[in-house]
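Structure first, commentary second.
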Amino acid sequence: MQETDKEVLVTPGEVLGKATQVKAGRGTYVAPHKGTAAVYASLTGFRRTISPPLDSSDQRPTVEVTGHKAHGVVPEPGCVVIARVTKVTARMASADIMCVGSKSVREKFTGIIRQQDVRATEIDRVDIHLSFRPGDIVRALVLSLGDARAYYLSTAKNELGVVSAESTSGTTMVPISWTEMQCPSTGQIEQRKVAKVGSSLTQMDIDLS
């Protein structure tokens, strides 16, 4: 394969071309755009377009984005992240992404969990304030790059949701059901969208190197 143009600096969410004309390579993803599918950058880095092999049945060039090593790991659609909830409103919870997979991030990335992405069933009955609270640590799936450079996150799977939370007394709570966590010190029960038992956050989950 051969590069067909010079490296151009791009940022997350930038449209790199129509999916009918180019293939998505590393550092990119495909999402709807103005009634069609487009290839977007998923990280800050340099855009490169690579020609297909002459004997390939698909003659679309591949577009990819290569980030700087200094940027470290970045969230991409389809990956699982660990985030700390910072703000909760009636329609969404905001969170700072701390880790992508087991790797800690070096830049600040903001995630948003919308009401419709909290769980897979009874979506219209979801109460954000009964699902998350500021300070909660959640495991979530990255859906896409949303508005204002914030990633849309989902906890709509059994293994996703709150993995660590403190009670009002400051004690780490333990999950007792899909929707409840309990303070072992006071016995107080609080509502949460709890991640599947066995998916609790441990030191093994985070690589801070």
| According to a 4.5 Å side-chain heavy-atom criterion applied to Ile, Leu, Val, Met, Phe, Trp and Tyr, with indirect links allowed, do Val118 and Ile123 form part of one hydrophobic cluster? | no
| Ile189 and Met173: same hydrophobic cluster, using ILVMFWY side-chain contacts below 4.5 Å? | no
| said: So, taking the atom named OG in Ser154 and the one named CG in Leu141, what distance separates them when rounded to the nearest 0.5 Å? | reply: 6.0 Å
| request: Kindly indicate whether the side chain of Ile112, heavy atoms from C-beta on, has any atom under 4.5 Å from the side chain of Tyr152. | output: yes
| field | Co-membership, hydrophobic cluster, residues Val30 and Leu16, 4.5 Å side-chain | value | yes
| said: Does any part of the side chain of Val81, heavy atoms only, come nearer than 4.5 Å to the side chain of Leu153, both counted from C-beta? | reply: yes
| said: Is there a side-chain contact between Val194 and Met181 in this structure, where contact means two heavy atoms from C-beta onward sitting under 4.5 Å apart? | reply: yes
| query | Are the side chain of Lys157 and the backbone of Ala140 linked by a donor-acceptor contact shorter than 3.5 Å? | reply | no
| query | What pairs with Thr186 under side-chain hydrogen bond (donor to acceptor under 3.5 Å, both in side chains), at least two apart in sequence or on another chain? | reply | none
| query | side chain to side chain contact (heavy atoms under 4.5 Å, CB included) between Ile128 and Met92: does it pass, once the steps are laid out? | reply | CA-CA 6 Å; Ile128 297 290; Met92 66 182 67; 5.6 Å; no
| Reported CE-to-CD1 distance for the pair Met98 and Ile82, which is rounded to 0.5 angstrom | 6.5 Å
| field | Parallel, tilted or perpendicular, as decided by the 30° and 60° cut-offs, for the rings of Tyr151 and Phe109 | value | perpendicular
| query | Between the side chain of Ser56 and the main-chain N/O of Pro53, is any donor-acceptor distance below 3.5 Å? | reply | no
| request: Evaluate the side-chain proximity of Arg47 to Val63: yes if any heavy-atom separation is below 4.5 Å, no if none is. | output: yes
| remark: Shortest non-hydrogen pair, Cys183 vs Ser167, comes out as SG-OG, 3.4 Å
| field | Pair Tyr40-Val15, side chain to side chain contact (heavy atoms under 4.5 Å, CB included): steps then yes or no | value | CA-CA 5 Å; Tyr40 292 80; Val15 177; 3.6 Å; yes
| message | For Phe132, give me all partners under ring-ring contact (aromatic ring centres under 6.0 Å, His included), at least two apart in sequence or on another chain. | response | none
| said: How close do His129 and Ala90 get, counting heavy atoms only, and between which atoms? | reply: NE2-N, 3.8 Å
| Can you name the salt bridge (charged side-chain N to carboxylate O under 4.0 Å, His left out) partners of Arg26, sequence neighbours left out? | Glu64
| note | Val126 and Ser131 have their tightest heavy-atom pair at CG1-OG, 4.1 Å
| Got Val142 and Glu76 here, is their nearest side-chain heavy-atom distance under 4.5 Å? | no
| Taking every non-hydrogen atom, the tightest pair across Ala41 and Val65 | CB-CG2, 4.0 Å
| message | If you count every heavy atom of other residues, nucleotides or ligands that lies below 6.0 Å from Arg84 atom CZ, does the total exceed 12? | response | no
| said: Can you pull out every salt bridge (charged side-chain N to carboxylate O under 4.0 Å, His left out) where at least one residue sits in residues 180-192? Sequence neighbours excluded, please. | reply: Arg133-Glu190, Asp136-Arg192, Glu190-Arg192
| said: Has Glu166 got a side-chain atom pairing as donor or acceptor with Thr172's backbone, closer than 3.5 angstrom? | reply: no
| said: Which residues pass the side-chain hydrogen bond (donor to acceptor under 3.5 Å, both in side chains) test with Arg119, not counting sequence neighbours? | reply: none
| query | Atom CD of Gln191 and atom OG1 of Thr179: how far apart are they, to the nearest 0.5 Å? | reply | 5.0 Å
| Taking only residues two or more places apart in sequence or in another chain, which ones pass side-chain hydrogen bond (donor to acceptor under 3.5 Å, both in side chains) with Gln116? | none
| request: Return the minimal non-hydrogen interatomic distance between Ala83 and Ile97, and the atom names on each side. | output: CB-CA, 3.9 Å
| query | Distance from Thr36 atom OG1 to Gln21 atom CD, nearest 0.5 Å? | reply | 9.0 Å
| request: Please report the closest heavy-atom contact between Val100 and Pro75, naming both atoms and the distance. | output: CG2-N, 3.7 Å
| Interatomic spacing from CD1 in Ile113 to OG in Ser94 - rounded to 0.5 Å | 9.0 Å
| said: Please determine whether residues Val85 and Leu130 belong to a single hydrophobic cluster, defined as Ile, Leu, Val, Met, Phe, Trp and Tyr linked transitively by side-chain heavy-atom distances below 4.5 Å. | reply: no
| said: Set out, in order, the CA-CA distance, both residues' side-chain angles and the distance that settles side chain to side chain contact (heavy atoms under 4.5 Å, CB included) for Arg114 and Leu143, then state yes or no. | reply: CA-CA 11 Å; Arg114 298 169 296 181; Leu143 295 177; 4.2 Å; yes
| request: May I ask you to decide if Ala19's main-chain N or O and Arg60's side chain share a donor-acceptor pair within less than 3.5 Å? | output: yes
